[in-house]
Colleague: 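The structure that follows is given in the form of structure tokens.
Model, not experiment: these values are computed from the prediction.
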Amino acid sequence: RTDLLFLFLIAIFIFGSFRERYEFQITFFNGIRESLLTVFLLFIPYYVLSRGVRGSDMVNSVVKGLVLTGTFIAVFAFVEAILKWKIYTELGGHLGAFTAGSIHNLHEIRYGLLRVAVSLTHPITLGFYLSFIFGLVVYLLRIEKASKLGYLLFYGLFSGAMYLTVSRGA
């Protein structure tokens, strides 16, 4: 029953792929492209998670993986701030992967701080991502019964990285 509701949701998104938007004029091939992206971004993760993750141990291992990745990104945010060098944005700009809008915020400074973005190309996106991972960190620290030092390190790391985005969203 849940699968049918989810398939109905995907059908609504696919139907919306063929409507006209303010950004660009819709074509048949753009609609097909958007439909395929919807399937790849929604259906495949749903199918894998609903069929593959069974039990709280597997959920906790997925959370640990997400927290590990978030921790690496948070540490790299400090590296970007200390070196005042947005390596991912600069490299992506040189490779032609990002548009001029991303290059525009290459050295964006607010309140005297470089607005770090790490690999997420914009500080607001990084702030949102770190906020989400911070919730998982709180969950994981309680499940693992971490020490006070663990709480202090993770809270400090994620709070500091979110502050370095200088984003209202974080």
Colleague: Show which residues join Leu149 in its hydrophobic cluster (side-chain heavy-atom contacts under 4.5 Å, direct or indirect), or state none.
Modeller: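 Besides Leu149, the cluster holds Leu153.
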Colleague: Check the pair Phe134 / Tyr155 against ring-ring contact (aromatic ring centres under 6.0 Å, His included), numbers first and verdict last.
Modeller: CA-CA 8 Å; Phe134 184 68; Tyr155 280 29; 5.3 Å; yes
Colleague: At their closest point, which heavy atom of Ile133 faces which heavy atom of Leu66, and how far apart are they?
Modeller: CD1-O, 3.8 Å
Colleague: To the nearest 0.5 Å, tell me how far Ile12 CD1 sits from Leu7 CG.
Modeller: 11.5 Å
Colleague: Please list all pairs meeting side-chain hydrogen bond (donor to acceptor under 3.5 Å, both in side chains) that have one or both residues in residues 57-68, counting only residues at least two apart or in different chains.
Modeller: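 The answer is Asn60-Tyr139, Lys64-Glu144.
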Colleague: The criterion is ring-ring contact (aromatic ring centres under 6.0 Å, His included); which residues satisfy it with Tyr129, sequence neighbours excluded?
Modeller: none
Colleague: I need the Leu164 CG to Leu126 CG distance, nearest 0.5 Å.
Modeller: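 Leu164 atom CG to Leu126 atom CG measures 9.0 Å (nearest 0.5 Å).
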Colleague: Throw together a table of side-chain donor-acceptor distances under 3.5 angstrom for residues 67-78, partners on residues two or more places apart or in other chains.
Modeller:
| residue | atom | partner | partner atom | Å |
| --- | --- | --- | --- | --- |
| Thr69 | OG1 | Gly65 | O | 3.0 |
| Thr71 | OG1 | Val67 | O | 2.7 |

Colleague: Please go through Leu152's hydrophobic cluster and name the other residues, only I, L, V, M, F, W, Y counting, with side-chain heavy atoms under 4.5 Å joining them.
Modeller: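 The other cluster members (ILVMFWY side chains, heavy atoms under 4.5 Å, direct or chained): none.
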Colleague: Between the side chain of Thr165 and the main-chain N/O of Met162, is any donor-acceptor distance below 3.5 Å?
Modeller: yes
Colleague: Could you pull out all residues at least two apart from Ala146 that satisfy side-chain contact (heavy atoms from CB on, under 4.5 Å)?
Modeller: Leu141, Tyr151
Colleague: Nearest 0.5 Å, what's the CG-CG distance between Leu9 and Leu4?
Modeller: 12.5 Å
Colleague: Using links of under 4.5 Å between side-chain heavy atoms of ILVMFWY residues, direct or through other members, which residues join Phe15 in one cluster?
Modeller: none
Colleague: Please give me the minimum heavy-atom distance between Phe158 and Val137, naming the atom from each residue.
Modeller: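 Minimum heavy-atom separation between Phe158 and Val137: CE1-CG2, 3.6 Å.
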Colleague: Sequence neighbours left out, what passes ring-ring contact (aromatic ring centres under 6.0 Å, His included) with Phe132? Give chain and number order.
Modeller: none
Colleague: Under the side-chain contact (heavy atoms from CB on, under 4.5 Å) criterion, do Leu42 and Phe6 qualify, and how do the steps go?
Modeller: CA-CA 9 Å; Leu42 293 176; Phe6 190 75; 4.0 Å; yes
Colleague: Name all residues meeting the side-chain contact (heavy atoms from CB on, under 4.5 Å) criterion together with Phe40; count only those two or more places apart in sequence or in a different chain, and write none if there are none.
Modeller: Leu36, Ile44
Colleague: With sequence neighbours left out, write down each residue that passes side-chain contact (heavy atoms from CB on, under 4.5 Å) with Ser35, or none if nothing qualifies.
Modeller: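 For Ser35 the side-chain contact (heavy atoms from CB on, under 4.5 Å) partners, ignoring immediate neighbours, are Ile14, Ser17, Phe18.
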Colleague: Which residues end up grouped with Leu37 if you chain together Ile, Leu, Val, Met, Phe, Trp and Tyr wherever their side-chain heavy atoms are less than 4.5 Å apart?
Modeller: none
Colleague: Which salt bridge (charged side-chain N to carboxylate O under 4.0 Å, His left out) pairs, counting each pair once, include a residue from residues 124-138, with sequence neighbours left out?
Modeller: none
